[in-house]
Colleague: 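Have a look at this one.
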Amino acid sequence: MTAERLDQPRDLRRSLRPHYDPEAFGRLSERIARFLGTGRFLVYMTVFVAVWGIWNAVAPAHLKFDPYPFIFLTLMLSLQASYAAPLILLAQNRQGDRDRIQYEQDREAADRNQAEIEYLTREIAGLRLALNEVATRDYLRTELSRLLEELKERR
């Protein structure tokens, strides 16, 4: 078994499978799924079906391409639905992946913030303890006044 060398490009391999960029395909599927979920798409689809039905109902016989019960229209709508469903699922999976990554990043940030808060809390507690041991100005004045009185009494 030979290990791949990272300092050299890979050899080009011929494959019968078509090459596609999964990321670009994912972005395209998200754009399509986003469009399929809009009112604009519903209006376009309604107009398309209405024009199709009216054309094939009232047009002269030689211009009709899908007579009633519109089997070709049913086939076209089924084909559109068969592509729309997996594209929507792919877009949802990608959004779920992004949400999971965002959740993990938020959790890590919250953990870091919690650690910083705990550190600052310990620092503040340490400062309070240190301040309790520091002599205050009033205490020093009182002590100096007492010492001054003792010195005056000794003289």
Colleague: I need the Leu147 CG to Thr142 OG1 distance, nearest 0.5 Å.
Modeller: 11.0 Å
Colleague: Salt-bridged, Arg94 to Glu23, with N to O below 4.0 Å?
Modeller: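 Looking at Arg94 and Glu23, the cut-off is met.
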Colleague: So how far is it from Phe41 CZ to Ile32 CD1, rounded to the nearest 0.5 Å?
Modeller: 10.5 Å
Colleague: Please answer: with hydrophobic residues joined when any side-chain heavy atoms are less than 4.5 Å apart, are Tyr83 and Leu77 in the same cluster?
Modeller: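 No.
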Colleague: Please examine the side chains of Gln92 and Leu89, heavy atoms only from C-beta on, and report whether any two atoms are closer than 4.5 Å.
Modeller: yes
Colleague: Is the distance between the ring centroids of Phe70 and Phe72 less than 6.0 Å?
Modeller: no
Colleague: For Pro86 versus Ala81, what's the shortest heavy-atom pair and its separation?
Modeller: CD-O, 4.5 Å
Colleague: Using 4.0 Å as the upper bound for N to carboxylate O, is an ion pair formed by Glu150 and Arg146?
Modeller: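 Salt bridge: yes.
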Colleague: Are Val43 and Phe48 in one and the same hydrophobic cluster, where Ile, Leu, Val, Met, Phe, Trp and Tyr link if side-chain heavy atoms are under 4.5 Å apart?
Modeller: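 Different clusters: Val43 never reaches Phe48 through Ile, Leu, Val, Met, Phe, Trp or Tyr contacts under 4.5 Å.
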Colleague: Can you tell whether the side chains of Glu30 and Arg98 come within less than 4.0 Å, N to carboxylate O?
Modeller: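 Result for this pair is yes, salt bridge flagged.
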Colleague: To the closest 0.5 Å, what do you measure between CG (Leu90) and CG (Leu28)?
Modeller: 9.5 Å
Colleague: Tell me whether Phe65 at atom CZ has more than 12 heavy atoms from other residues, nucleotides or ligands lying less than 6.0 Å away.
Modeller: yes
Colleague: Any chance you could measure Gln114, atom CD, to Arg112, atom CZ, to the nearest 0.5 Å?
Modeller: 13.0 Å
Colleague: Would you say Arg100 and Glu104 make side-chain contact, with heavy atoms under 4.5 Å?
Modeller: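 Result yes, sub-4.5 Å side-chain heavy-atom pair found.
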Colleague: How about Asn56 and Leu63: do any of their side-chain heavy atoms sit closer than 4.5 Å?
Modeller: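 No; the side chains remain at least 4.5 Å from each other.
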Colleague: Is it true that, when you exclude Phe35 itself, more than 12 heavy atoms of the residues, nucleotides or ligands shown sit nearer than 6.0 Å to its CZ?
Modeller: yes
Colleague: Which heavy atom of Thr74 sits nearest a heavy atom of Pro69, and at what distance?
Modeller: OG1-O, 4.4 Å
Colleague: Keeping the roles fixed (side chain from Asp66, backbone from Ile71), state whether a donor-acceptor pair exists under 3.5 Å.
Modeller: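 Answer holds: yes.
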Colleague: Do Lys64 and Trp55 make a side-chain contact, defined as non-hydrogen atoms from C-beta onward lying under 4.5 Å apart?
Modeller: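 No, their side chains stay 4.5 Å or more apart.
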Colleague: Could you measure the distance from the CD atom of Glu108 to the CD atom of Gln105? Nearest 0.5 Å is fine.
Modeller: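 The distance works out to 7.0 Å.
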Colleague: Rounded to the nearest 0.5 Å, what separation is found between the CG atom of Leu148 and the CG atom of Leu144?
Modeller: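 If I round to the nearest 0.5 Å, the distance is 8.5 Å.
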Colleague: Same cluster for Leu131 and Leu120 if Ile/Leu/Val/Met/Phe/Trp/Tyr side chains link at under 4.5 Å?
Modeller: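 Shared cluster, no.
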Colleague: So Leu79 and Leu75, do their side chains get closer than 4.5 Å, heavy atoms only?
Modeller: no
